[in-house]
Amino acid sequence: MKKGTIIILAIIGLVIVAFMWGSGIYNNMVELEEGVNSQWSNVENVYQRRADLIPNLVNTVKGYAAHEKETLEAVIKARSEATSVKIDPSNMKPGDMKQFQAAQDNLSGALSKLMVVVEKYPDLKANQNFLELQAQLEGTENRIAVERRKYNETVEVYNKTIRRFPNNVVNMFLGFEKKEYFEASEGAEKAPEVKF
């Protein structure tokens with residue numbers, strides 16, 4: 001073989017190896033991004049479950065505490081706002097997560113106020129339908145915490161992968177963007193004050 005042919009074959013070989021290496025990195029990033037998107041769907045599912053429970057809870061409370069109209073309306077409004085905030089995980093903008101979290105935190109606060117109102121009504125606290133709804137809501141809140149944690153773990157793996165060398169070099173050409181984490185709500189570090 002001539003020297004020129006060997007050089008051409010070596011260059012072709014290097015291009016093939018570089019292409020396969022870049023393809024492997026790209027495919028890994030796609031797989032991780034899809035994992036983030038899938039986990040986000042799980043988060044949305046449990047938030048939707050909570051939103052679906054609220055009308056039943058409000059209607060049950062309404063029968064016993066009709067004059068607590070302001071609290072009930074606040075829960076309904078917060079639910080409406082929380083369900084109207086949608087995020088596309090594949091095209092998440094920097095403020096999207098904060099807006100989503102703020103709406104969900106507002107709903108959590110309204111539900112907390114509703115539960116305080118319930119304490120005033122012993123008949124309601126003994127109502128089987130209310131107790132079942134309350135248990136489902138508590139279970140859903142636990143599911144939300146679990147799915148948010150899983151989402152953050154998935155985002156962590158994804159973010160680390162796209163930022164590590166040599167992946168970050170390949171990513172300069174591919175444009176995979178860092179995903180946002182769920183963060184603790186403002187004031188969550190303080191224990192709630194309980195007064196009797």
Side-chain angles (χ1 to χ4, degrees), residues 35-156 179-196:
V36 169
N37 294 345
S38 173
Q39 190 55 46
W40 178 254
S41 294
N42 292 342
V43 169
E44 285 183 321
N45 284 338
V46 291
Y47 275 119
Q48 185 61 51
R49 175 181 164 76
R50 177 173 75 169
D52 292 344
L53 286 172
I54 290 170
N56 293 333
L57 186 66
V58 167
N59 286 334
T60 302
V61 172
K62 197 183 290 184
Y64 286 87
H67 63 280
E68 301 288 353
K69 185 178 179 183
E70 185 178 307
T71 304
L72 296 171
E73 286 174 354
V75 171
I76 293 167
K77 181 180 180 217
R79 176 190 180 269
S80 176
E81 290 171 359
T83 56
S84 70
V85 178
K86 300 286 185 204
I87 293 180
D88 176 6
S90 63
N91 190 23
M92 195 179 295
K93 293 168 189 63
D96 288 352
M97 184 64 77
K98 286 183 179 30
Q99 182 184 8
F100 182 85
Q101 253 185 282
Q104 295 301 332
D105 290 346
N106 188 27
L107 178 55
S108 294
L111 285 171
S112 295
K113 288 177 186 170
L114 179 64
M115 291 305 156
V116 168
V117 165
V118 165
E119 293 297 318
K120 298 178 189 176
Y121 301 94
D123 291 344
L124 175 59
K125 289 188 335 186
N127 177 291
Q128 190 60 37
N129 190 28
F130 175 77
L131 292 174
E132 287 175 20
L133 287 167
Q134 187 178 24
Q136 286 183 34
L137 190 60
E138 288 170 1
T140 300
E141 293 295 335
N142 290 336
R143 288 178 184 164
I144 288 170
V146 168
E147 295 303 334
R148 284 175 56 153
R149 180 185 50 77
K150 286 180 183 177
Y151 173 80
N152 279 348
E153 290 169 354
T154 306
V155 167
E156 178 185 16
K179 304 289 185 186
E180 287 188 59
Y181 293 98
F182 269 107
E183 296 175 1
S185 303
E186 194 172 313
E189 70 280 356
K190 298 176 190 169
E193 194 174 315
V194 180
K195 293 181 182 178
F196 294 102

Exercise. Would you name the heavy atoms of Asp52 and Arg79 that are closest together and state the gap between them?
Key: OD1-NH2, 4.1 Å

Quiz prompt | Counterpart residues, salt bridge (charged side-chain N to carboxylate O under 4.0 Å, His left out), relative to Lys179 (two or more places apart) | solution = Glu33

Practice problem: Quick one: pull up CD in Glu147 and CZ in Arg149 and give me the separation to the nearest 0.5 Å. | Solution: 8.5 Å

Quiz item: Listed by chain and number, what are the side-chain contact (heavy atoms from CB on, under 4.5 Å) partners of Ala74, not counting sequence neighbours?
Solution: none

Quiz item: Atom CD in Gln48, atom OG in Ser41: separation rounded to 0.5 Å?
Solution: 12.5 Å

Quiz item: Does Arg49 have any salt bridge (charged side-chain N to carboxylate O under 4.0 Å, His left out) partners at least two apart in sequence or in another chain, and if so, which?
Solution: none

Quiz item: With sequence neighbours left out, which residue pairs that include part of residues 75-99 fulfil the ring pair (Phe, Tyr, Trp, His ring centres under 6.0 Å) condition?
Solution: none

Practice problem: Could you give me the CA-CA distance, side-chain angles and deciding distance for Arg143 and Arg148, then say whether side-chain contact (heavy atoms from CB on, under 4.5 Å) is met? | Solution: CA-CA 8 Å; Arg143 288 178 184 164; Arg148 284 175 56 153; over 6 Å; no

Practice problem: Output all residues satisfying side-chain contact (heavy atoms from CB on, under 4.5 Å) with Asn106, sequence neighbours left out; order by chain, then residue number. | Solution: Ala78, Glu81

Quiz item: Looking at residues at least two apart in the chain, or sitting in another chain, which of them share a salt bridge (charged side-chain N to carboxylate O under 4.0 Å, His left out) with Glu138?
Solution: none

Using a 3.5 Å cut-off and no angle test, enumerate the donor-acceptor pairs between side-chain atoms of residues 54-61 and protein atoms at least two apart in sequence or in another chain.
unit_1 : atom_1 : unit_2 : atom_2 : d
Asn59  : ND2    : Pro55  : O      : 3.2
Thr60  : OG1    : Asn56  : O      : 2.8
Thr60  : OG1    : Asn129 : ND2    : 3.3

Quiz prompt | All salt bridge (charged side-chain N to carboxylate O under 4.0 Å, His left out) counterparts of Glu132, not counting sequence neighbours | solution = none

Quiz item: For Asn152, what residues pass the side-chain contact (heavy atoms from CB on, under 4.5 Å) criterion, not counting sequence neighbours?
Solution: Tyr181, Phe182

Quiz item: Can you list every ring pair (Phe, Tyr, Trp, His ring centres under 6.0 Å) pair that touches residues 76-113, not counting sequence neighbours?
Solution: Trp40-Phe100, Tyr47-Phe100

Self-check item: Which residues share a side-chain contact (heavy atoms from CB on, under 4.5 Å) with Thr154, sequence neighbours left out
Solution: Val36, Gln39

Practice problem: Give, for atom CG of Asn142 and atom CG of Leu137, the distance between the pair rounded to the nearest 0.5 Å. | Solution: 10.0 Å

Practice problem: Would you give the length of the straight line joining atom CG of Leu111 to atom CD of Gln134, rounded to the nearest 0.5 angstrom? | Solution: 11.0 Å

Quiz item: Who pairs with Arg50 by side-chain hydrogen bond (donor to acceptor under 3.5 Å, both in side chains), at least two apart in sequence or on another chain?
Solution: Gln104, Ser108, Glu141

Quiz item: Do Lys77 and Glu73 meet the salt-bridge criterion of a basic N to acidic O distance under 4.0 Å?
Solution: no

Quiz item: Rounded to the nearest 0.5 Å, what separation is found between the CG atom of Leu53 and the CG atom of Leu133?
Solution: 6.5 Å

Quiz item: About how many Å separate CG of Asn37 and CG of Asp88, when rounded to the nearest 0.5 Å?
Solution: 7.5 Å

Quiz prompt | N/O donor-acceptor pair under 3.5 Å between Thr140 side chain and Gln136 backbone | solution = yes

Quiz item: Would you say the side-chain atoms of Gln99 pair up with the backbone N or O of Val85, donor to acceptor, closer than 3.5 Å?
Solution: no

